[in-house]
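So you know, we letter chains A, B, ... as the sequences are listed, proteins then strands, and number each from 1.
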Amino acid sequence: MDYKEIDSRWQKKWADARIFESDVGSKDPYLVTVAFPYVNAPLHIGHIRTYGTADVLARYKRMRGYNVLFPMGFHATGTPILAFAKRLRNNDKELVAELKLFHISDQTIAQMTDPLFIANYFVKDIEYGMHRAGLSIDWRRKFVSTDPQFSKFIEWQFGILNSKEYLVKGRHPVGWCPNENNAVGMHDTKHDVEPDIEGVLSIRFKVEGEDAYLLCTTYRPETLFGVTNIFVNKDIKYTLCRINGGHEPYYVSKEASKSLAFQFKIEPISDIPGSELLSKRGVNPINGESVPVFPGFFVKGDVGTGVVMSVPAHAPFDYAALKRLRESGYPMPDIKPRRVMEIKAGGSINPEGYVDLPAMAYIGLFAKGSDAGDDLLEKATKLQYREEAHLGKMVIHEYEGMGGDEAGNKVKGELMGAGNAFEIYILANSPVYCRCGYPVAVKVVDDQWFINYGNKEWKSLAAAALKGITILPEKSKRAFDAALDWIGLRAVARSQGLGTRFPLDKGKIIESLSDSTIYMSFYTISNLIRDLPAEKLIPELFDYVYLNKGDPQSVSSATGIDFQLIKRCRESFDYWYRNTSRHSAGELIFNHLTMYIFNHAAIFAKEYWPRQIAVNGMVLSEGEKMSKSLGNIVPLVDGIEKYGTDVIRMQVIASADLFSDSDFSEVAVRGIDERFRYLFDLVGRIDEFDSGELRHIDYWLYSKLNRKVASATEQIEKLELRGVSTSVFYDSILELRKYLARGSPNGIVLKDYLSCIILMLAPIAPHVAEEIWHGLGNESFVSLEKWPQADGSMISDKVEAEEDMLDSIIADTNQVAALIRKSGKEPRSVRIIVADEWKRSANNIVAKDHSIKQIMERLNSAEGMQGLGLKPEDRERSMKYVQNMAKKMNQLRQLDQSQDDEYGLLAGSVDYLKKSLGYPVTVEPESKSDSKRAHNAAPQRPSIDISS
RNA sequence: GCAGGGGUGGCAGAGCCUGGCCAAAUGCGACGGGCUUAGGACCCGCUUCCUUUAGUGGAUGCAAGAGUUCAAAUCUCUUCCCCUGCACCA
């Protein structure tokens, strides 16, 4: 058995028969689309999670009689390919090593300094990988997001967004490299760090007797009431400068003046040493208090503005700095910390203990005598900030009782309203370095274009769309709700990258997640317009095709495009786009998938809105996240070569819940391989088996089979593929083993069973399924066969329970036999004693209302006894039995098996029992048994009497 | 910090929505046995503790704690811990 041979043989047959190429037809349509791959790396096994899951759905729906279209395109817009080429031009060793892992030749790598080459290379490479993975894609429709025809489509989309006033302009901070003079994203930094930008408030303190301000940055404006002084670093340079042309200048650190220049217009006036600031006093804008300026040991020039307002009651660093200053003998007045908020309960400190000194109390949690090193102060700060933000209540008059965050926002609003504060941006994870080596700064772009997902009407439109979408798995629905609420402005135009020019500013490129929100609709026409020159694709064409607006005849005469072709485009979109399923990894919920919903709601009529979205987890490699640094990435083609396509598909796609990560491990993969081989082996021998009348075990197998058809159908509809593979694959093999162990299997039953599970296995493991399907004598493609239908009449709880009973009798007998052997004796034969009928009645009476009252009443009267078929002398023993039964009252269930049923089953299974146990077995009813253990018999739990 | 998802036996991982047939599927691993020259493969058994040399008895138990209930892995609340995403980046 050679997976490679099987895989390529069936892939070729599918391709030759063009069974995955779909066109407008009379059957119900089903369009499956997946987040198209970005063309800067080959596929690894992780990619198959999403593509494979979509493929399973496509294959399943095909078997359910839908006309299924599963198209694929490629994403090449944006900056990564450019960054990729640049890295190779700079001979980046890390990247080269990564490419070598995928067996890319030196010769090819040498050509990868050209972005176009990179894109073309990976388009081919990825398409090849998808072929090898057996994805049922209609390749006639592929396109690349840099194709000029696609650009026309995107321009049309943005025209509509603009006409609806969803595009707005504003200020926006970005990571910026001062050296290269361009925006810096994750792809452009050393070690791929995302520059983490955050806004902080800068509050100005008027310098007493001078037309200037000290500018302090803070995360906690609500503590402004507790300011006792200002800290600067006396050993660094400060710059007096004007900001944005205001006439009163500010003191900030020299470094800050430079980095702020990317956010504001900064005019430096003069530099002075920090020590000169120490003689000044600042006025607190919130209460007019005048506070002194002190040197602070922790103040850094490159953090914020290099000027810090000191709140010793609520900031451990401030408290410690004042304490050290006093202890060093620095000439200073007595500074009294002032508390602005308190924590009533639930915090780490005792709220009564340090009325005006919470910071000291926090320090005390980490260090003896409140004399802590910087790292401990850091910890104390974090804890205090966290607890005060959560549990703190303001104690300042107008703010009394307010939470920390709420008060902070109010103070911020007041200050900003009065012009006493403004926001500046800083890099929270500073320093971040650009690949060129320079530290990244934050630049504020003034004329940034955004898509305004915060627009109220649009949002409610999107909410309406979301309502109509089936989200799989259901539990991720809440994430969509949250994402929809949260999404607001999204910067849409970029200064660099591949892609479509932004219509309202042709110097900019449309950001690459924003140009792929409705591309799924492009598949419906991509094959039809492929050869048309892009300039003919005027907005009116798309208006007609997608919106049914305008007149195809006039579009035809305006562009020279064949009238019929235009009509076909419209028909194709209208046909395919009514029933769609969208697939991606869960991490895209908060951007791509939400934008997908918004844009569909904005552009298309209701009947073309999304119908289903499925999000899946990732793939781990031997329990670890796959990463370049761990070197544990398994290239897809390598994996397929080594293990076989379906073994990989089975493990990657179907070994975990849809939303959970699946683990690719050697051991698990081997287990799948072994089971496939078991099936192949069994099918190879299928003609050896006779077929006669159906026995109990045959009915059992049919019952199990039909039950799993029903459950697997339900599960695959929800893409619960782990459940499908467990019941259809793993459990089936256990059932087959059990069935075969019973001896003389029925060939027809086996064939029925195997055919059916193969049909259900086909979406997940299509190559193996085709091979086995044909091994069973079929001529058709299993890929095009009908999904099986459960026959409810074949499902029998009774038959299954009876088989379970046989198993437990064997287990129990073995257990008893073990005890006998322990005493040195050897079991010679066993009698199995079937409980009397009255015990079944008793069971059912008790089980009915979970009470022994009724049955006891019956046992207490002669007629009642008689009704149960008992004699008066049985009374005592039967009461004892019932009392015993009552102990497990809550577990009793109704039984529909009579004593005769049970007896018949056991008598008919004597041979099997004998074979399993290894000694003679006889069966007898309780009433006819002379065994002293006979009275132990209970329904479905016969008494066992072993002679030794 | 905010948002979303989680925490189950040596490990992986079902079960949780719809409470009771749950000492908890299945797989892997470990252990004992069979088969074998041996290893692998395969087959059988076993894998919380106690009790029982004739069994299906008892205790503890599903992150921790509290609660609801006749009954909780499952429902509610609190706490702790882990994973993912957080914007111009695909």
When we call it a touch if two heavy atoms are under 4.0 Å apart, what does A/Ser943 touch: a base, just sugar-phosphate, or nothing?
-> base

Is A/Lys508 salt-bridged to A/Asp505, cutoff N-O under 4.0 Å?
-> yes

Looking only at atom P, what distance separates B/rU51 and B/rG58, rounded to whole Å?
-> 16 Å

Kindly say if A/Lys477 contacts the phosphate of B/rG4, meaning a side-chain N or O under 4.0 Å from OP1 or OP2.
-> no

Can you tell me if the side-chain N/O atoms of A/Arg737 get under 4.0 Å from OP1 or OP2 in B/rC42?
-> no

What does A/Arg670 touch in the nucleic acid at a heavy-atom separation under 4.0 angstrom: a base, only the sugar-phosphate, or nothing?
-> nothing

Is it true that A/Asp681 and A/Arg677 make a salt bridge, defined as a side-chain N closer than 4.0 Å to a carboxylate O?
-> no

Given the C1' atoms of B/rA23 and B/rG57, what is the spacing between them in whole Å?
-> 14 Å

Nearest whole angstrom, please: distance from the C1' of B/rG5 to the CZ of A/Phe590.
-> 11 Å

Whole-Å C1' distance, B/rG10 and B/rC46 = 15 Å

A/Leu593 CG - B/rC86 P separation (whole Å) = 14 Å

Base, sugar-phosphate, or nothing for A/Ile589, non-hydrogen atoms under 4.0 angstrom?
-> nothing

For the pair A/Asp807 and A/Lys738, find out whether any cationic side-chain nitrogen is under 4.0 Å from an anionic carboxylate oxygen.
-> yes

Which part of the nucleic acid does A/His75 contact within heavy-atom distance under 4.0 Å: base, sugar-phosphate only, or nothing?
-> sugar-phosphate

Can you tell me how far P of B/rG5 sits from CG of A/Asp657, to the nearest Å?
-> 14 Å

Taking the C1' atom of each, how far is B/rA3 from B/rC16, in whole Å?
-> 23 Å

Could you measure between the two P atoms, the one in B/rU56 and the one in B/rU68, and give it in whole Å?
-> 34 Å

Any side-chain N or O of A/Lys475 under 4.0 Å from OP1/OP2 of B/rG6?
-> yes

Report the distance from atom CG of A/Leu620 to atom P of B/rC82, rounded to the nearest whole Å.
-> 18 Å

Protein-nucleotide distance (A/Leu484, atom CG; B/rG85, atom P), rounded to Å = 21 Å

Have a look at A/Leu489 and say if it touches a base, only the backbone sugar-phosphate, or nothing, with a 4.0 Å heavy-atom cut-off.
-> base

Please state the C1' separation for the pair B/rG7 and B/rA12 - nearest whole angstrom.
-> 14 Å

Under 4.0 angstrom, heavy atoms only, what part of the nucleic acid is A/Ile487 near: base, sugar-phosphate, or nothing?
-> nothing

For atom CD1 of A/Ile733 and atom P of B/rC28, their distance in whole Å | 11 Å

For A/His592 and B/rU84, what is the distance between atoms NE2 and P respectively, to the nearest whole Å?
-> 22 Å

Do you know which of A/Lys708, A/Arg707, A/Arg742 makes salt bridge (charged side-chain N to carboxylate O under 4.0 Å, His left out) with A/Glu735?
-> A/Lys708

Partner nucleotide, any strand, of B/rC16 [Watson-Crick/G-U, under 3.5 Å] | none

Using a cut-off of 4.0 Å on non-hydrogen atoms, how would the nucleic acid contact of A/Thr79 be classed: base, sugar-phosphate, or nothing?
-> sugar-phosphate

Please measure how far the C1' atom in B/rA64 lies from the corresponding atom in B/rC82, and state the result in whole Å.
-> 15 Å

Verify whether the ring centers belonging to A/Tyr453 and A/Phe598 lie closer than 6.0 Å.
-> yes

Would you classify A/Ala479 as touching base, sugar-phosphate or nothing, given that sugar-phosphate means primed atoms plus P, OP1 and OP2, and contacts are heavy atoms under 4.0 Å?
-> sugar-phosphate

Under a 3.5 Å cut-off for both distances, is B/rU84 Watson-Crick or wobble paired, and to whom?
-> B/rA3

Phosphate OP1/OP2 of B/rA3: any A/Arg478 side-chain N/O under 4.0 Å | no

Have a look at A/Gly488 and say if it touches a base, only the backbone sugar-phosphate, or nothing, with a 4.0 Å heavy-atom cut-off.
-> base

What does A/Asp945 touch in the nucleic acid at a heavy-atom separation under 4.0 angstrom: a base, only the sugar-phosphate, or nothing?
-> base

Would you call A/Arg722 and A/Asp657 a salt bridge, taking side-chain N to carboxylate O under 4.0 Å as the test?
-> no

Pair A/Glu474 + A/Lys718, salt bridge at N-O below 4.0 Å | no

Select base, sugar-phosphate, or nothing to describe what A/Glu674 touches, counting heavy atoms under 4.0 Å on all strands.
-> sugar-phosphate

